[in-house]
Amino acid sequence: MKRYPFVMGATAAGLAGILSFHSRGTTGLLANSLPLKSGPSAPSNSSKTSTPSTTSPPSSNANGSSGPTSTVPTTVPQSPTTTAASSATGVSEQYGYGTLSVRVTVTGSRITDVKVANLQTIDQYSQQLAVQVIPYLRHQVLSLQTARISGISGATYTSEAYAYSLQSALDKLRFH
Amino acid sequence: MSNDAVGKVRWNVRGVPVAEAASEQAVNRPTIPATLGRAGDLVHAEPVMGTVVSFRVFPGRAGVDSARAAIDVACEVLHEVDATFSIWKPDSPISRLRRGELLLTDMVPRVAEVLELCRHAKASSRGWFDPWAMPGGVDPTGLVKGWSLDIALGTLREAGFEAALLNAGGDLVGFGNPGRGDGWRIGIRHPWLRDALAGVVQLRSAVATSGPYERGAHLVDPRSGEPAQTVASATVTGPNLATSDALATALAVGGDDAFDAVASLDGYEAYVIGADGSERATPGMVFLD
């Protein structure tokens, strides 16, 4: 049971490493993790109100519920027709319960597709969890630098984890 | 003896504890003055309650010195609440209550007040937030941190500052319009990408997020006693952090039933990212560009 978040985290970290490898920025993952809203081909409308995602997460059943709720649509990055897409497969990353490599398609300066190129896990359970991560990573993710935020809400971190947190970075930024 | 810590707290007419600023009564902590930022705002990070509480205060006409002193008082409040309610401190009043050494009637009124809020949050969440279902006896930890930040923010509000924002390890409460005047913009952390955001919301009063990605599978389903694992991230906004935090915890373990419970509450909105990557939000949850 306990390995569930670890598998997720390690997979995401591996992916992030691969993704940042393909980016050209010099400021690291913070600046160029997945499509930036300010990118040249960024949709002009809100990231949460444009066309619904065409990505259907496996075994998703949350969208079928009724009641006073709404499903938040997410944006799939759109490729401009004038720029050729190029793809590359990253190196295999060890993530604790197996090996993962990801094929990333870049159009212009935006990542337009992420696919699992190779996934070998120790057991089927790990594979199931790892595959579940992938659909979400295709969604548009906001970059901290373009979001102009004053704070970050997230699962409670410890005093030790604060040192590595985005909030810590925000606090430090105010001093300069 | 058990009431030493809480004995430092005076109570004003509104029932809000006011900490003594006197240094001889200060809880053991290094005094690090708040730092002045670029925008004329004060920034301070206080280690307390097993995490770090970040302060950001725009003093306005009340002045920087006044804001510095107020941040110090607010920190005292946080430490005193921690001393009373920490289940990790064996001599805290709440620990002695859990062991049956003291009765609720032996305690300062705010212990009963917190437990009453817990009862209310349990009912509001249809039982998905349940401090009485935790191992080792009643555990109000999921609500008391937010409650203490509500009080700390209240002291800053009463002091008349322009705007303030407090962040306790990912749960935030604030008021006012900082800088440009468009309110506090708060990012919701992406559950799987450490340095990315899943969305941005405008802070009205409080926002809390719960999920298993930071501290492991600590979220326990009160009905089964098993770790919950269907939700990757659960965010609740509301008028106060005490209840918002408790409801976020409920949302992280209670799935659709807890979601419907929060959706039916006035003033509270929910945003959930499932372990399968699906997203769900109540109609009143407004995302910013």
Side-chain angles (χ1 to χ4, degrees), chain A residues 1-2 4-6 8-9 11-13 15-16 28-30 33-34 37 46-48 55 57-60 62-63 65 67-72 74 129 132-133 135-137 139 141-144 147-159 161-162 166-168 170-171 174-176, chain B residues 35 37-38 41 43 45 47 50-52 54 56 165 167 169-172 178 184-200 207-217 227 229 232-233 235 256 259-260 263-264 271 274-283 287 289:
Chain A
M1 290 295 202
K2 287 216 167 191
Y4 153 68
F6 177 74
M8 291 295 192
T11 307
L15 273 171
L29 178 62
L30 207 81
S33 66
L34 295 189
K37 288 174 73 68
S46 162
S47 66
K48 294 283 181 187
T55 306
S59 72
S60 168
N63 295 348
S65 310
T69 65
S70 66
T71 301
V72 181
T74 50
L129 290 177
Q132 283 174 356
V133 175
Y136 192 81
L137 290 175
H139 294 186
V141 175
L142 294 166
S143 151
L144 178 66
R148 296 186 291 114
I149 53 169
S150 298
I152 295 154
S153 184
T156 305
Y157 42 76
T158 62
S159 307
Y162 167 81
L166 287 173
Q167 184 63 45
S168 166
L170 277 178
D171 289 347
R174 304 295 165 201
F175 298 156
H176 301 303
Chain B
T35 312
R38 276 181 300 187
D41 54 326
V43 177
T51 184
V52 173
S54 300
R56 216 176 149 205
L165 180 70
N167 184 354
D171 303 315
L172 299 96
W184 294 106
R185 292 168 58 92
I186 306 301
I188 310 295
R189 209 189 101 172
H190 194 292
W192 300 309
L193 292 176
R194 191 175 181 85
D195 294 332
L197 305 173
V200 178
V207 56
T209 299
S210 191
Y213 54 84
E214 187 66 47
R215 288 181 296 155
Q229 53 176 319
S233 169
T235 297
D256 288 347
F259 188 93
D260 293 343
S264 69
Y271 168 47
D276 60 359
S278 61
E279 293 175 275
R280 237 185 140 189
T282 52
F287 293 96
D289 287 340

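Convention: sequence-line order gives letters A, B, ...; per-chain numbering from 1.
- Smallest separation of non-hydrogen atoms from B:R189 and A:G154: CB-CA, 4.2 Å.
- Looking at A:S153, its side chain never comes within 3.5 Å of a backbone N or O of B:D171 through a donor-acceptor pair.
- In this structure, chain A has a heavy atom under 4.5 Å from the side chain of B:L165, while its backbone stays farther away.
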